[in-house]
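Everything on this sheet refers to the single structure shown next.
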Amino acid sequence: MAAELTAHELIAQHRPTLDQALEAIRTRAYWSPHPEHPKAYGESGSLGAAEGKAAFDALLGTRLDLGQPGTDDWVGAEVSPYGIDLGVTYPHADIDVLLPAMRAGQRAWRDAGAEIRAMVCLEILKRISDRTHEFAHAVMHTSGQAFMMAFQAGGPHAQDRGLEAVAYAYVEQVRTPDAAEWTKPQGKRDPLALTKQFTPVPRGIALVIGCNTFPTWNGYPGLFASLATGNAVLVKPHPRAVLPLALTVRVAREVLAEAGFDPNLVALAAERPGEGIAKALAVRPEIRIIDYTGSTAFGDWLETNARQAQVYTEKAGVNTVIVESTDNYKGMLSNLAFSLSLYSGQMCTTPQNLLIPRDGIRTEEGPKSYDEVVADLARSVGGLLGDDARANALLGAVVNPDVKARLEAAAGLGEVALASREIVNPEFPDATVRTPVIVKLDGAKPDDEAAYMSECFGPVSFAVAVDSAADAVELLRRTIRDKGAMTVGAYTTSDEVTEAVQETCLEECAQLSLNLTGGVYVNQTAAFSDFHGSGGNPAANAALCDGAFVANRFRVVEVRREA
């Protein structure tokens with residue numbers, strides 16, 4: 001088909017956005033082209049709140065035909081954590097047909113060059129952004145996030161992370177010039193002269209293995225990093241969270257076709273219940289890149305067995321906060337309470353272990369004992385979630401039965417400082433909504449260590465009593481080294497403790513937040529400025545997003561000719 005989007009049009013529309021993104025990753029200053037407020041949508045071709053909800057409702061019970069080759073069945077069994085049966089079916093692919101079709105368009109995509117690929121990616125993101133309200137409902141009803149979080153994290157924040165990956169990909173590809181004239185003097189003889197061409201060459205087909213909790217936020221970085229570097233991308237969503245990524249694939253295929261490229265450069269691999277196709281796909285020789293977010297067990301399996309591919313994993317960790325002293329006690333408690341409650345703790349960045357000296361901490365209100373700190377934190381969480389409407393807006397829904405089981409089991413691990421309670425969501429009465437549990441543990445007891453040194457994903461936190469600040473720092477070091485951490489936090493007014501915590505995080509390669517008492521939380525990161533994960537401890541082997549995340553998705557091939 002003839003291209004409907006010309007290179008000139010794409011560059012004119014999107015080059016300024018790319019340039020701003022390049023400046024943002026250079027300065028690490030705040031910037032986003034994607035509005036966070038729902039009222040910002042509804043103009044200039046974007047869907048407003050009513051239109052987005054209607055578009056989502058129209059998807060329910062339908063077949064999402066992507067026009068992919070090799071479709072041999074229709075699959076889909078998503079049930080919203082809020083109790084709605086989505087009823088959407090998706091193409092099931094004969095991989096032996098789909099993968100060759102995906103490879104067919106790679107030559108033209110490679111030859112298009114880094115700038116055009118970036119512009120096409122930005123057009124995909126723009127169209128997704130215009131449908132943020134629709135995507136928000138899709139994320140909400142597959143992840144269990146409350147609507148506002150699904151709107152922001154699943155919409156503009158995910159889009160920012162995708163754009164950030166495109167910017168990094170562009171920088172790495174244009175680091176080497178397209179061509180060079182090379183001349184070497186030979187004294188009295190004629191100089192040696194060569195013309196050299198340098199072409200970024202993609203690895204092959206990239207596989208994105210999606211997660212249940214943040215399908216777009218965790219899926220977009222790998223998807224757009226691979227696509228922008230010339231690779232075809234096969235998206236394998238989590239079986240409980242297919243819809244947001246299926247919609248993404250549909251938009252990408254439409255844009256690719258309109259820009260004159262093969263739409264099969266992006267495709268969906270939905271699976272039958274219990275089929276488990278990720279393992280089979282991961283070791284296919286055609287798959288040369290894998291992006292994965294999920295359990296440590298499968299992440300480790302991928303790193304060990306998918307030897308033909310470059311594997312980027314975000315797995316599990318035990319996130320830790322040291323509470324040694326503070327000059328804003330109420331602010332600290334409020335900040336921690338929000339961090340523990342947001343999305344029912346179902347974030348890879350949510351704090352789990354709070355290390356508190358058993359002799360207590362220093363505050364501007366005077367000394368507070370360990371028991372007082374834990375009781376005050378429990379009251380702060382209880383106050384934050386005391387109103388059921390506000391609690392539903394913060395907590396969302398428990399994403400799956402495993403989280404609920406861990407939450408219920410945690411109460412038997414130690415003394416319960418804050419019991420979890422059930423909340424009814426009047427709009428979605430079938431939703432499972434639970435407030436966090438806080439359990440007291442003793443850092444000196446081996447039985448307690450077995451609990452706090454294991455990840456307990458969900459609304460579960462352990463207040464771990466330690467002998468001293470030095471012991472807290474040593475336990476932090478051991479936790480990062482042995483279990484990994486996506487985030488580390490610390491509250492201290494001591495320069496000595498600050499230095500010790502900072503040095504530990506530098507040596508063990510973990511991202512640190514110090515003394516957060518306002519509207520920034522340890523479990524939130526901003527694209528273009530914050531790094532999500534470090535790639536340097538067992539929680540993840542990659543960071544979102546840095547040069548290392550994109551540079552190994554392509555290779556530069558040189559062609560030399562005598563001038």
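The figures that follow rest on heavy atoms only: side chains count, while hydrogens, waters and symmetry mates do not.
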May I ask you to check whether over 12 heavy atoms, not counting those of Asp178, lie within 6.0 Å of atom CG? no
Do [X] and [Y] have side-chain atoms, one donor and one acceptor, less than 3.5 Å apart?
| X | Y | value |
| --- | --- | --- |
| Tyr90 | Glu78 | yes |
| Arg110 | Thr229 | no |
| His532 | Gln511 | no |
| Gln197 | Arg561 | yes |
| Thr195 | Glu181 | yes |
| Gln159 | Thr132 | yes |

Residue pairs involving residues 132-144 (criterion salt bridge (charged side-chain N to carboxylate O under 4.0 Å, His left out); sequence neighbours excluded): Arg131-Glu134
Evaluate Arg203 against Asn552 for side-chain hydrogen bond (donor to acceptor under 3.5 Å, both in side chains), listing each step before the verdict. CA-CA 8 Å; Arg203 280 184 171 268; Asn552 218 8; 3.1 Å; yes
Is there a donor-acceptor pair closer than 3.5 Å between any side-chain N or O of [X] and the backbone N or O of [Y]?
| X | Y | value |
| --- | --- | --- |
| Ser534 | Cys509 | yes |
| Arg253 | Val266 | yes |
| Asp291 | Gly219 | no |
| Glu558 | Thr199 | no |

For Ser529, the side-chain contact (heavy atoms from CB on, under 4.5 Å) test, sequence neighbours excluded, returns Arg28
For Tyr312, does the six-membered ring have the charged nitrogen or CZ of Arg553 within the cation-pi criterion, i.e. under 6.0 angstrom from the centroid and within 45° of the normal? yes
Can you name the residues that form a side chain to side chain donor-acceptor pair (under 3.5 Å) with Thr17, not counting sequence neighbours? none
Which one of Leu163, Asp130, Val251, Asp160 satisfies the side chain to side chain contact (heavy atoms under 4.5 Å, CB included) criterion with Leu125? Leu163
Would you say the ring centroid of Tyr343 lies under 6.0 angstrom from that of Phe214? yes
